Amino acid sequence: MTKGDINRQAIRKLKPGKLVIASHNAGKVREIKDLLGLYGIEPVSAADLDLPEPDETGTTFIANAELKALQAADLSGLPALADDSGLCVEALDNEPGIFSARWAGPDRDFNLAMRLVRDNLIAKGPEAGHDAHFICALALAWPDGHVEAFEGRVDGVITWPPRGSRGFGYDPIFQPNGHAISFGEMEPERKHAMSHRADAFAKMVAAVF
Ligand code: IMP
């Protein structure tokens, strides 16, 4: 055994069978179910099991994904997968970050949230850069408290005005690097091939299957 082997933690494999998708967001559950169908996984949604939604009290995407997955695994007695994601604008100290959903207010008004991003960037002055990235953290937890986490990222710039009506959330003001259109204008298949969620999924699939 080499020194590297001693320090390397074995990643727990996910066996075929039931997996709780610890999200009450129907869109996310659908996307995750599609991605997992290929691996002999039987997805069950947290809503189907009537599981409560925990408060997202973590200070990082990974911490929030882990607390959602651990709670669902503990309450269901099954392995559980949770996702936490958001937009980070570098000139705004990576805000809205873990508060991405909350910037849209109780009515989930993303026109308001996108305007807040733009107003905050203007307040930073003309020198402020427009670099931004989306992050997606995926956490896979087991009922014995074991958890594995994976983080995906896609880099781009904030554009104004918002463009396109595809996707959701901040997609109309995010233009991925190397592309001339926003995520809001992009075919879903194209977005899903390069998104932060796809990146996190690829890392998880490579590690646990
Ligand atoms: P969560 O449900 O707490 O993880 O909140 C994620 C929030 O981040 C969403 O409500 C969106 O505002 C934003 N977000 C995450 N991923 C995307 C994306 O792919 N496009 C646009 N907005 C996203």
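Worth saying up front: this structure is predicted, and the values here are computed from it rather than measured. Below, each value reflects all heavy atoms present in this structure, side chains not excepted, and no hydrogens, waters or symmetry copies. Counting starts at 1 for both ligands and their atoms, in listed order.
For residues 55-67, the side chain to side chain donor-acceptor pair (under 3.5 Å) pairs, not counting sequence neighbours, are E56-K68. Residues in residues 142-166 take part in these ring-ring contact (aromatic ring centres under 6.0 Å, His included) pairs, two or more places apart or across chains: W142-H146.
Within the 6.0 Å centre-distance limit, the rings of F174 and F134 are counted as a close aromatic pair.
Once rounded to the nearest 0.5 Å, the distance linking NZ of K15 with CD1 of I41 reads 11.0 Å.
For the residue pair E90 / H133, a side-chain donor-acceptor distance below 3.5 Å is found, with atom types taken as modelled.
Contact shell of ligand 1 (protein heavy atoms, cutoff 4.0 Å): K28, E56, D84, S85, G86, S100, A101, F110, F134, F168, G169, Y170, D171, K191, H196, R197.
Cluster partners of L51 are V20, V44, L49, L75, L78, counting Ile, Leu, Val, Met, Phe, Trp and Tyr whose side-chain heavy atoms approach within less than 4.5 Å, directly or via other members.
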